[in-house]
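Working notes, beginning with the structure itself.
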Amino acid sequence: MNPAQISSLLKEIMQSIVDSTPDSGELNLADANFTPERPKNRAHGDWASNIAMQFAKKLGTNPRELAGAITAELVKNEGIAKAEIAGPGFINITLDAAAAGAVVSAVLAAGDSYGTSEILAGRRINMEFVSANPTGPLHLGHTRWAALGDSLARVLRAAGAAVVSEYYINDAGEQMRKFGRSVRAAALRLPTPEDGYPGEYIGELGAVVNTAVLDFAQLAEADQLAQATEIAYQQQLSEIKDSLKRFNVNFDVWFSERTMHSSENGEPNAIATALSRLREQGHVYDADGAVWVRTTDFGDDKDRVYQRSNGIYTYFAADAAYYLSKTDRGSDIKIYLLGADHHGYVGRLKAISGAAGEDPEKNIIALIGQLVNLNGARLSKRAGNIVELNDLLEWLGCDALRYWLARYPADSPLSLDGEKLRSRTNDNPVFYVQYAHARTQSVARNAATVGLTRADFTPELLTHETESNLLGKLQEYPLVVAAAAQLYEPHRVARYLEELTAAYHRWYDNCRVLPQGDEAPSALHATRLCLNDATSQVIRNGLNLIGVSAPERM
RNA sequence: GCCCCAGUAGCUCAGUGGAUAGAGCACUUCUCUCCUAAAGAAGGUGUCGUAGGUUCGAUUCCUAUCUGGGGCACCA
């Protein structure tokens, strides 16, 4: 019996109580939450519900009395060993061992899909994250969003949403020109221009340009700039893609800002088209020679300039056109993962959404995250401690880095501690979790060598306290994935895995799976082997959601 | 000035309105002739920043306030 089944059972019972109570016509059960919780305290049973407290007042009774009526019905059901009233009106449900053990076969039958659901089915979600300028390598500042975004995309998909993950490439505008000038200078061995990009990688890109273009120095300056910009851009972008690939981060769409500036056959480009759309909606006005959008109508601090008095579109214009493009390409919900230093963005984005006739509160989800520290030191160019993603991967490995970045809520400050991430103890949770998986695999391998099979699965034999705990954890997994998806909080999966593997390790120490010595294999051994395998499966599924490998040996 | 985020154990941090607020680390002890000891067991910590409010019930929601971080361009 799983939480979903208990939930519908509770709902059924409540409905019949409501139906038989006079003057309860306005009571709406649809809004109530019937999903039981896993109590912290084992003495409170396997599952607990607070619905009696939610409804007592509305039914003109007190919580304990209502709970009594509900428990009387509950115990009539097969699989429920006990249903008790506790405290102010909690209902504590204890399952019999067979009903609790049924989760094992459910997990094994579902395999990789255990934990997936359809709760977000029909949602079309666009997720934009990282979106670093293609003018330099990815560094620590980008890695948190890469890890979090990719994990969230996986979690949302597991909940049934249609997700497009997207990287916006700022390949137009002043930063690109600056980049081009810097690379040209490097290729010609000239000093870095004022306001140019520093860094060794610029020199390397200059070398790439010289290799690609014969007699680069002989070209006219305009051609040099054009070639240097283009070649360095392509090179840098492909390096970014490589880094993200090594980081196990996938993007479905690489969206080039340039495509919105260009047009075919004299048609207006996407940015101009977006402007006329906004103008038709009546949100655009002209003042001081510039073109403005009245974003204050939609809660922004101040109106924003769309096209400057010199005719050049602002960055905001590209953002607006890009936003509309996401809608046009079929996404209802747009998720943005932004650093705290960009949260000023959000007001503008919501204003665009409102101006386009959407509901900003529903169509935009802005996840604002705190920046990452390294060994306690703030990251800054001045301090010279910008660390490239590639270096971090080399130093710490993809698994440790991704796990660490995924286990904290985005809005929580986060510090990377190199020593800790390299350590192989409880200090470093990724090893703890991965080790548990390796253990499950080792048990399964040994079972094969002693000829233990899974045929005699007998769930009612799983009666040890540590078994009951472990079963409860396995049962919880789908709830955790669903909550992580609905709250956009992938870190819940990581935290859950730490609890699950702790339960596994305790069980492992208390309940031996394999027969010892000359002992003949029994149904208990077989049943425990199944529990071992089910745990293994759930650890794998969870690690996959956060993009971390599940090693078979360590 | 306005806006966003954080404040929970000595440290790093969990905690979608519920029962005695939890992990890990650090400290002290135990447990491997037998499935991976990268593990497990035992030992004690809290004015949940402060003050009000909302209700059966608040670390969680609201208001005020203190402290720390970040943000408020015809920059990109």
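Lettering follows sequence order; numbering is per chain, from 1.
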field: Any A/Arg38 side-chain nitrogen or oxygen under 4.0 Å from OP1 or OP2 of B/U16
entry: no
query: Now, which nucleotide makes the Watson-Crick or G-U wobble pair with B/A23, with each of the two distances under 3.5 Å?
result: B/U12
message: Quick check on B/A23: is either OP1 or OP2 less than 4.0 Å from any side-chain nitrogen or oxygen of A/Tyr408?
response: no
query: Is the base of B/G18 touched by the side chain of A/Asn50 through a donor-acceptor pair closer than 3.5 angstrom?
result: yes
- prompt: Watson-Crick or G-U wobble partner for B/G46, using a 3.5 Å limit on both distances?
  reply: none
- request: Remember a base hit wins even if backbone is also touched, and classify A/Tyr306 as base, sugar-phosphate or nothing at under 4.0 Å, heavy atoms.
  value: nothing
- request: Report yes or no: is there a donor-acceptor pair, N or O only, under 3.5 Å between the side chain of A/Asn510 and the base of B/A41?
  value: no
- prompt: Checking A/Arg495 against A/Tyr408: charged group under 6.0 Å from the ring centre and within 45 degrees of the axis?
  reply: yes
task: Please work out if A/Arg512 contacts a base, only the sugar-phosphate, or nothing of the nucleic acid, heavy-atom cut-off 4.0 Å.
output: base
- prompt: Any side-chain donor paired with an acceptor under 3.5 Å for A/Tyr403 and A/Asn428?
  reply: no
query: With a non-hydrogen cut-off below 4.0 angstrom, is A/Glu552 in contact with a base, only sugar-phosphate, or nothing?
result: base
message: Does A/His343 contact B/G71 through a side-chain donor or acceptor facing the base, at a distance under 3.5 Å?
response: no
- prompt: Looking only at atom C1', what distance separates B/G43 and B/U47, rounded to whole Å?
  reply: 25 Å
- prompt: For the side chain of A/Ser442 and the base of B/C35, is some donor closer than 3.5 Å to an acceptor across the two?
  reply: no
- line: Exactly one candidate in A/Lys40, A/Arg38, A/Lys473 meets salt bridge (charged side-chain N to carboxylate O under 4.0 Å, His left out) with A/Glu499; the answer is A/Lys473
query: Which is true for A/Pro409 with a 4.0 Å heavy-atom rule: it touches a base, it touches only sugar-phosphate, or it touches nothing?
result: sugar-phosphate
message: If the glycosidic angle sits within 90 degrees of zero it is syn, else anti. Tell me which applies to B/C32.
response: syn
task: Just call it for A/Asp288: base, sugar-phosphate, or nothing, with non-hydrogen atoms closer than 4.0 Å on any strand.
output: base
- prompt: Name the one of A/Tyr322, A/Tyr167, A/Tyr323 that satisfies ring pair (Phe, Tyr, Trp, His ring centres under 6.0 Å) with A/Phe255?
  reply: A/Tyr322
